[in-house]
Amino acid sequence: MAFLDIPGQDNLPPLTRLEKYAFSDNVFNRQIIARGLLDVLRDFSSNEEDFRTVMEIVVRLSEDGEPTVRTELMEQIPPVASFLRENRSDFPMVLSAYLIPLVVRYLTDPNNQVRKSSQEVLLILLEQDLIFQHDIENKVCPILLELSAPDSEDEYRAEAVSVICKMASMLSKSTVERLLLPRFCELCCDGKLVQIRKVCATSFGDICHAVGQEATEKFLIPKFFELCSDSVWGMRKACAECFMAVSYNTSPEVRRTQLSPLFIGLASDPCRWVRQAAFQSLGPFISTFANPSRAGLYIQEDGTPNIRPPSQDVEAGSASGSAKLGSCGSTSSTSSTKPMQMEADLLVEEISAENSNSLHVSSSSSGPAENPMEDPASGGAELTRLSPGGSASLKLRGGNEQPLSSRHGPDPQACPGNLEDMFSNVLYWRTPLPDISKDMELLLSEAGPREEDCGCPETTYHSCVASSEIQRVLDSLQEHMMNDPNVQAQVQVLSAALRAAQLDSMYEPESKPAEGLSEVSISHPSPAPDKHIPLLASSSQNELSVARILQSTDPGNPYNGTTGHLETEQRHEPTTLQEDKSKLQDIIPQPLLDQFVSMTDPARAQTVDTDIAKHCAYSLPGVALTLGRQNWHCLKDTYETLASDVQWKVRRTLAFSIHELAVILGDQLTAADLVPVFNGFLKDLDEVRIGVLKHLYDFLKLLHEDKRREYLYQLQEFIVTDNSRNWRFRYELAEQLILILELYNPSDVHTYLMHIALKLCADKVSRVRWISFKLVVAILQKFYSHSESALGLLFIKELILRFRHCSKWVGRQAFAFICQAVVSEECVPVDQFVEHLLPSLLSLASDPVPNVRVLLAKALQRTLLQTGYFRSAGNPHLEVIDETILALQSDRDQDVSFFATPEPKQQNITDTTVPENS
């Protein structure tokens, strides 16, 4: 109550004086009471009756008509609540009876400043866990629901929506889902006020995180779709910005089937600002597809990526590229379960093998096939692995490229269990079923040996043979049709092929000119009707679908005419199609990856954002981590394009993250694809080189020893900078060299790194020199820890020559510091130190510069004499050191004599000099 002790006032009791000023006509007095509420409670909290009186005064003061008084009072609520929780056993009752009603009432205050203050106080109380669940559900939430109702004023509704969205993350999941979620869903569709929908869209990710996955998919995802299609571009932009948070709280299936197409729509939005926000969120959104079990990597607690432990991994990301073994492969009677080895650093493909009607490789060497089953929870879903119009091919260790054709799914008898949980070829491997009613004419007409002048009867014969073959396969598949959805899909394809073959035999005379179409150029088509002229490029996929089924049902004849024709067609496949197939993966939806790699397109910078390439470079390590090293081929071209971008900011972004990408890719891919880019960054601008330099050790330690040695000579190039005043660049180099020492043997350190350290020790900037002295000590420690005394002695002689006998006093001072650090770190054997360094160190006592003698005094008094070797009574060098210290104690310079004096005497000198100065 000291702040109320005003001179000349009546000597009133404290409570009477408090009440007098609390209801004074002077506004300033009432503000003083509100501002000093915490001090008042400290004085009266010990007495229960006085405490109740003070709280009643607070309640009456809260009804003050002056907004500034109410605002001052509201700002004191959080510290008052914290004080009461620590000092009152009945804190819950006091809070619920006095403070919470005050906060709730001010949420509806007519003054805008008072309402803003109460909203902030409410969030602070929730954040500090000062409001109990009962008050939240019965006092706070009802008033917010009332303020956000459709019949409430727009200003109150907008504020209430903002508070609801902010407090959702501080409440329990059940409370948000039961009380606030229905109202939030209503507000997302509010057509009266755009600002309300904008707040909902901005906070959509927080609400999803608060209610969890189940409620998000059931209630919020439909509303999110509506907001993403809102007529106001600001709404769609807000949705694009929070897309990653929404995706994080959904299942892999919803993320792949619903959110991915929705995001593609935002990326192609008519509004430039929406497209800009979408592409900025594209990389983070792709990162939500990350699955350590498939990518072969995981994030450690410190945030760095690492290889997935072998006990948890399924060998999905190993550099050797061994394919995964399925759970049902061991039960198959004819298919081998040995993993098929691919070329190092290539893709790891999951190949489905069958029983007798399964996979056959068109190869002279019958390599073993495998039959992996994919876990439905691992994140792979409807994305197909085959590009439109082409087949997948793997390069085996034998050296030959073998086209691999997948067949219908696993035998239901081989893997007992729920069929819905099994691997589905239709979902994972097969492209959408084509309409081959017209394209089959070309395939079936050339099933046997083709002659340009073949007659109608021979062609009809081949059509009949093809029809009978297709009918035979259909009959063999009928018994499995009800049990396997993959077989059902094959039956549909073969039925269409059978109808086409029958139609071909009916219209044979009319379609005769089209029989030799494959033997003539596309640019010179035959004059047949358009409906009988299918283009080769568009029909190759349809031919492949039927040929796979026919081949799988006849394992003894893999080289039939149809297969030979398909291989011929694949040789004529366009080069662009082969390049597209090289970018296939199954971790994320392919359209998302296509959008991401398109961010390097110069047209995007004109239509979306001039910094879109920088956003792509920033997100690329996260996308690479999501895809895993087995799918690096999908991003390789994009990375090389970014590395050669004309904007130095893009290259700088890549330079700062190249070490993280090296961890993700592994040593082999790093050596093949990242090392050339790294070499280019070394010769780039200083703004780019600093990114490489800051993580130089992290990158070099991932390289093979032979590759690492190639950079020894290039390290000295870091000393030269575009701007000589950029001393921080050299400082960073010295710090990195201290770490890099462990990567090289002592001989390499002596040949290459020692000279760099000596140059840095002579730098013009003091901070660079001092960190370089530590580098010199680390080099000495490297030599002597590896028993390279000869190299250490050569380095010591070089230090004496360069620094002890330096013409500049800075060099001689550096020698004293190096000797002090050598003794402190114990990096040189004592006998070597006293023989080679100690005499040169003691000779500095006669140096003409006081700064050199000051550092010598510190080294002798605070370091050498504190070690056990020099403190021993029988030490032969102790007498020489004592004589040097005595000479320094009597030095004419006060600083030298001060530091040469032992510490207790220094304290006495200080005590005696202070009164004299005063």
Side-chain angles (χ1 to χ4, degrees), residues 239-248 252 255-257 259-269 272 274-291 294-295 297 305 347 379-381 383-385 387 576 579-645 647 649-651 653-654 657-658 660-661 664-665 669 673-674 677:
C239 292
E241 291 172 347
C242 70
F243 217 95
M244 184 196 71
V246 176
S247 175
Y248 182 79
R255 187 180 302 130
R256 183 179 294 269
T257 59
L259 294 184
S260 296
L262 182 62
F263 189 90
I264 296 299
L266 292 176
S268 58
D269 194 272
R272 180 187 181 122
V274 178
R275 297 196 303 270
Q276 185 180 101
F279 277 101
Q280 290 181 12
S281 302
L282 178 56
F285 174 52
I286 290 177
S287 68
T288 60
F289 289 85
N291 191 333
R294 307 191 69 190
L297 296 159
L347 296 177
L383 185 64
T384 59
R385 298 195 185 191
S387 63
T576 57
E579 294 176 356
D580 291 340
K581 288 191 293 184
S582 67
K583 291 181 172 58
L584 291 178
Q585 45 76 43
D586 66 331
I587 304 295
I588 63 175
Q590 191 65 33
L592 289 181
L593 182 59
D594 295 340
Q595 291 285 350
F596 183 80
V597 299
S598 71
M599 293 175 72
T600 58
D601 189 354
R604 293 289 191 189
Q606 302 297 327
T607 59
V608 179
D609 186 7
T610 55
D611 290 333
I612 189 172
K614 181 182 177 182
H615 296 299
C616 180
Y618 181 82
S619 302
L620 195 140
V623 176
L625 177 65
T626 302
L627 295 178
R629 63 182 59 170
Q630 70 270 20
N631 291 313
W632 167 244
H633 62 283
C634 301
L635 298 174
K636 178 182 176 182
D637 295 340
T638 302
Y639 189 80
E640 293 176 352
T641 303
L642 292 172
S644 59
D645 195 277
Q647 300 184 64
K649 293 181 179 179
V650 177
R651 305 193 303 273
T653 304
L654 291 181
S657 63
I658 192 171
E660 298 285 3
L661 193 58
I664 296 172
L665 298 184
L669 286 176
D673 299 331
L674 297 189
V677 176

For this session: First locate atom CG of L665, then atom CD of Q630, and finally report the distance between them rounded to the nearest 0.5 Å.
Result: 10.5 Å
Exercise. Is there side-chain contact between Y639 and L674, with heavy atoms separated by less than 4.5 Å?
Worked result: yes
Exercise. Do you know which two heavy atoms are closest between D269 and R275, and how far apart they sit?
Worked result: O-NH1, 2.8 Å
Exercise. Looking at T653, D611, V650, which one forms a side-chain contact (heavy atoms from CB on, under 4.5 Å) with Y618?
Worked result: T653
Problem set entry | Working for side-chain contact (heavy atoms from CB on, under 4.5 Å), residues N631 and L593 | CA-CA 11 Å; N631 291 313; L593 182 59; over 6 Å; no
Exercise. Is there a donor-acceptor contact under 3.5 Å from the side chain of S260 to the main chain of R255?
Worked result: yes
Problem set entry | R651 side-chain N/O to A643 backbone N/O, donor-acceptor pair under 3.5 Å | no
For this session: Answer whether the closest heavy-atom distance between the side chains of F279 and D609 falls below 4.5 Å.
Result: no
Problem set entry | Atom of C634, atom of L627 and distance for their closest heavy-atom approach | CB-CD1, 4.4 Å
Exercise. So how far is it from Q647 CD to L642 CG, rounded to the nearest 0.5 Å?
Worked result: 10.5 Å
Seminar exercise, completed: Closest non-hydrogen contact found for I264 with Q595 is CD1-CG, 3.6 Å
For this session: Please confirm whether the backbone N or O of A278 pairs with a side-chain atom of S281, one donor and one acceptor, at under 3.5 Å?
Result: no
Exercise. Does any N or O in the side chain of S619 come within less than 3.5 Å of the main-chain N or O of C616, such that one atom is a donor and the other an acceptor?
Worked result: no
Seminar exercise, completed: To the nearest 0.5 Å, atom CG of L262 lies from atom OG1 of T257 at 11.5 Å
Exercise. Can a donor-acceptor pair be found between the side chains of T288 and S247 at a distance below 3.5 Å?
Worked result: yes
Exercise. So, for D645 and A613, which heavy atoms are closest and what is the spacing to 0.1 Å?
Worked result: OD2-CB, 3.9 Å
For this session: Kindly compute the distance separating CG (L661) from CG (L669), expressed to the nearest 0.5 Å.
Result: 9.5 Å
Seminar exercise, completed: CZ of F285 to OH of Y248, rounded to nearest 0.5 Å, is 15.0 Å
For this session: Apply side-chain contact (heavy atoms from CB on, under 4.5 Å) to I286 and F596, showing your working.
Result: CA-CA 9 Å; I286 290 177; F596 183 80; 4.0 Å; yes
Problem set entry | T626 side chain vs F289 backbone, donor-acceptor pair below 3.5 Å | no
Exercise. Can R604 and S598 be counted as having a side-chain donor-acceptor contact under 3.5 angstrom?
Worked result: yes
Problem set entry | Verdict with supporting geometry, V677 and L654, side-chain contact (heavy atoms from CB on, under 4.5 Å) | CA-CA 9 Å; V677 176; L654 291 181; 5.6 Å; no
Problem set entry | Distance, nearest 0.5 Å, that separates NZ of K614 from CE of M599 | 12.5 Å
